[in-house]
Participant: 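Pasting a structure below so you can have a look.
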There are 2 protein chains.
Amino acid sequence: MNQINNSKPAETFRYLILATERQGRSIFKETFKKIGVTGAQAEVLKVLQENEPLSLKELGAMLICETESPSRLINRLVTTGWVQKETSEKDSRFVNLSLSKEGKEKVLQITKIEDSLYKMLEQSVPIEILENLNMQLSNLLSEQPISHTLRLRGIIK
Amino acid sequence: MNQINNSKPAETFRYLILATERQGRSIFKETFKKIGVTGAQAEVLKVLQENEPLSLKELGAMLICETESPSRLINRLVTTGWVQKETSEKDSRFVNLSLSKEGKEKVLQITKIEDSLYKMLEQSVPIEILENLNMQLSNLLSEQPISHTLRLRGIIK
DNA sequence: TCAATTTAAATGACATGTCATCTATTATCA
DNA sequence: TGATAATAGATGACATGTCATTTAAATTGA
């Protein structure tokens with residue numbers, strides 16, 4: 001078991017969160033690369049799968065990786081052919097975003113990758129510890145702006 | 001207390017880590033902005049303060065936000081006048097990086113900001129919970145490549 | 001009805017992360 | 001001694017995050 005620096009618990013926590021996020025992102029990136037997808041793209045495709053159709057603003061509100069109108073990210077996914085973008089008939093300021101057929105297929109691949117990585121994590125860390133971490137982290141975030149996004153995503157209730 | 005999605009603890013954990021990191025980054029960014037520094041720059045300046053002089057490679061190994069030779073980040077800090085860069089006399093492939101006088105002053109400001117944000121966090125979360133989170137997260141990372149960086153930084157031992 | 005205001009999305013500019021490639025320097029080895 | 005290999009750092013190109021600004025469309029209110 002590691003010894004941590006307990007003289008500065010808040011600073012230690014900050015860097016451990018940063019390190020955990022970076023390590024996780026690196027692991028996901030490594031495997032997403034094989035199917036030609038970045039982490040941000042994967043999140044978009046999955047959010048669309050579960051909530052389509054969405055406007056850009058609605059999508060932006062549901063992304064944890066993205067805080068504002070993700071025009072460029074979406075335009076790249078449209079160019080790649082995984083997302084369809086249509087101007088709304090009711091209000092042409094809005095666009096309606098949804099997955100194409102290829103996008104739906106790509107999401108299946110993404111889900112397989114994610115599920116296998118989740119399984120690895122669940123096998124290396126006792127579930128009670130994961131659940132406890134989840135409870136503490138969600139308490140920490142409960143009054144923060146991002147908790148709204150987490151509720152939209154069903155990550156916290 | 002929040003209810004979390006316990007049907008997928010690993011996925012929930014992933015997004016909670018992502019959300020915690022993003023929320024924390026946003027808070028630091030907000031306050032660093034007032035002294036004209038980005039989060040990555042702040043980390044560089046603090047690492048140099050505690051370990052100077054460093055080569056680019058050594059610095060890169062110690063950064064949690066950065067994984068490789070951070071040439072451009074450093075060049076911007078040199079341009080801004082906070083970091084001094086000299087070619088090594090012994091081996092001119094290497095550069096020696098250290099803080100300028102202005103850089104040292106900027107680090108004092110950075111430290112004040114960080115300490116006040118750390119204090120806020122320590123006041124809103126019981127220390128035992130923070131320490132427990134730190135222990136669990138460091139255990140999680142102990143076999144990961146990034147644990148080397150964390151040890152160099154004294155965050156884990 | 002029309003001016004003013006608000007809203008959705010796009011874009012410019014900048015910062016940074018990532019990967020590949022390049023240049024310059026040093027080390028190694030026959 | 002010189003060719004080859006390894007190393008440190010820089011740069012090109014691309015992706016994405018952030019903030020400000022712009023454009024186009026819809027809403028509001030007099």
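Naming: A, B, ... by sequence-line order, numbering from 1 per chain. Just so you know, these numbers come straight off a predicted model, no measurement behind them.
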Participant: Whole angstroms only, please: what is the CZ-P distance between B/Phe94 and C/dT26?
Facilitator: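 It works out to 10 Å between those atoms.
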Participant: I need the CD-P distance between A/Glu21 and D/dG17, as an integer number of Å.
Facilitator: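 Distance, rounded to whole Å: 11 Å.
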Participant: For nucleotides 22-25 of chain C, tabulate all protein N/O to nucleotide N/O atom pairs closer than 3.5 Å, reporting atom names and distance.
Facilitator:
residue : atom : partner : partner atom : Å
C/dT25  : O3'  : B/Ser92 : OG           : 2.8

Participant: With sequence neighbours left out, what residues match B/Ser124 under side chain to side chain contact (heavy atoms under 4.5 Å, CB included)?
Facilitator: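 In terms of side chain to side chain contact (heavy atoms under 4.5 Å, CB included), with neighbours along the sequence ignored, B/Ser124 is linked to B/Leu121.
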Participant: Write out a two-atom table: protein N or O, nucleotide N or O from nucleotides 3-5 of chain D, distance below 3.5 Å.
Facilitator:
none

Participant: Would you list the pairs meeting salt bridge (Lys or Arg N to Asp or Glu O under 4.0 Å) in which at least one residue belongs to residues 107-117 of chain A, sequence neighbours left out?
Facilitator: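 Salt bridge (Lys or Arg N to Asp or Glu O under 4.0 Å) check on residues 107-117 of chain A returns A/Lys46-A/Glu114, A/Glu114-B/Arg14.
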Participant: Expressed as a whole number of angstroms, how long is the span from A/Leu97:CG to C/dA10:C1'?
Facilitator: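 Whole-Å distance recorded here is 13 Å.
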Participant: Considering residues at least two apart in sequence or located in another chain, which fulfil the side chain to side chain contact (heavy atoms under 4.5 Å, CB included) criterion with B/Ile129?
Facilitator: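 Here the qualifying residues are A/Gln136, B/Val125, B/Pro126, B/Leu133.
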Participant: With sequence neighbours left out, write down each residue that passes ring pair (Phe, Tyr, Trp, His ring centres under 6.0 Å) with B/Phe94, or none if nothing qualifies.
Facilitator: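 B/Phe94 satisfies ring pair (Phe, Tyr, Trp, His ring centres under 6.0 Å) with no residue once adjacent residues are dropped.
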Participant: Excluding sequence neighbours, so at least two apart, what forms side chain to side chain contact (heavy atoms under 4.5 Å, CB included) with A/Glu102?
Facilitator: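 For A/Glu102, the residues satisfying side chain to side chain contact (heavy atoms under 4.5 Å, CB included) (neighbours in sequence not counted) are A/Trp82, A/Ser100.
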Participant: Among pairs that include at least one residue of residues 120-144 of chain B, which meet salt bridge (Lys or Arg N to Asp or Glu O under 4.0 Å), considering only residues two or more places apart or in two chains?
Facilitator: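 As it turns out, there is no salt bridge (Lys or Arg N to Asp or Glu O under 4.0 Å) pair with a partner in residues 120-144 of chain B once direct neighbours are skipped.
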Participant: Write out all pairs satisfying salt bridge (Lys or Arg N to Asp or Glu O under 4.0 Å) with one or both partners inside residues 80-90 of chain A, taking only residues at least two apart or from two chains.
Facilitator: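 As it turns out, there is no salt bridge (Lys or Arg N to Asp or Glu O under 4.0 Å) pair with a partner in residues 80-90 of chain A once direct neighbours are skipped.
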Participant: Can you list every pair that meets side-chain hydrogen bond (donor to acceptor under 3.5 Å, both in side chains) and has a residue in residues 49-60 of chain B, with sequence neighbours left out?
Facilitator: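 Applying side-chain hydrogen bond (donor to acceptor under 3.5 Å, both in side chains) to every pair that reaches into residues 49-60 of chain B, excluding sequence neighbours, yields B/Glu52-B/Lys104, B/Ser55-B/Glu58.
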Participant: Take the C1' atoms of the five end pairs on each side of the helix from C/dT1-D/dA30 to C/dA30-D/dT1, get both axes, and report the angle to 10 degrees.
Facilitator: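 Its terminal axes enclose an angle near 0°.
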Participant: Could I get the full list of side chain to side chain contact (heavy atoms under 4.5 Å, CB included) partners for A/Ser26, not counting sequence neighbours?
Facilitator: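 Here no residue qualifies.
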Participant: Measure from CG on B/Leu59 to P on D/dG9 and round the result to the nearest Å.
Facilitator: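 Interatomic distance, CG of B/Leu59 to P of D/dG9: 10 Å.
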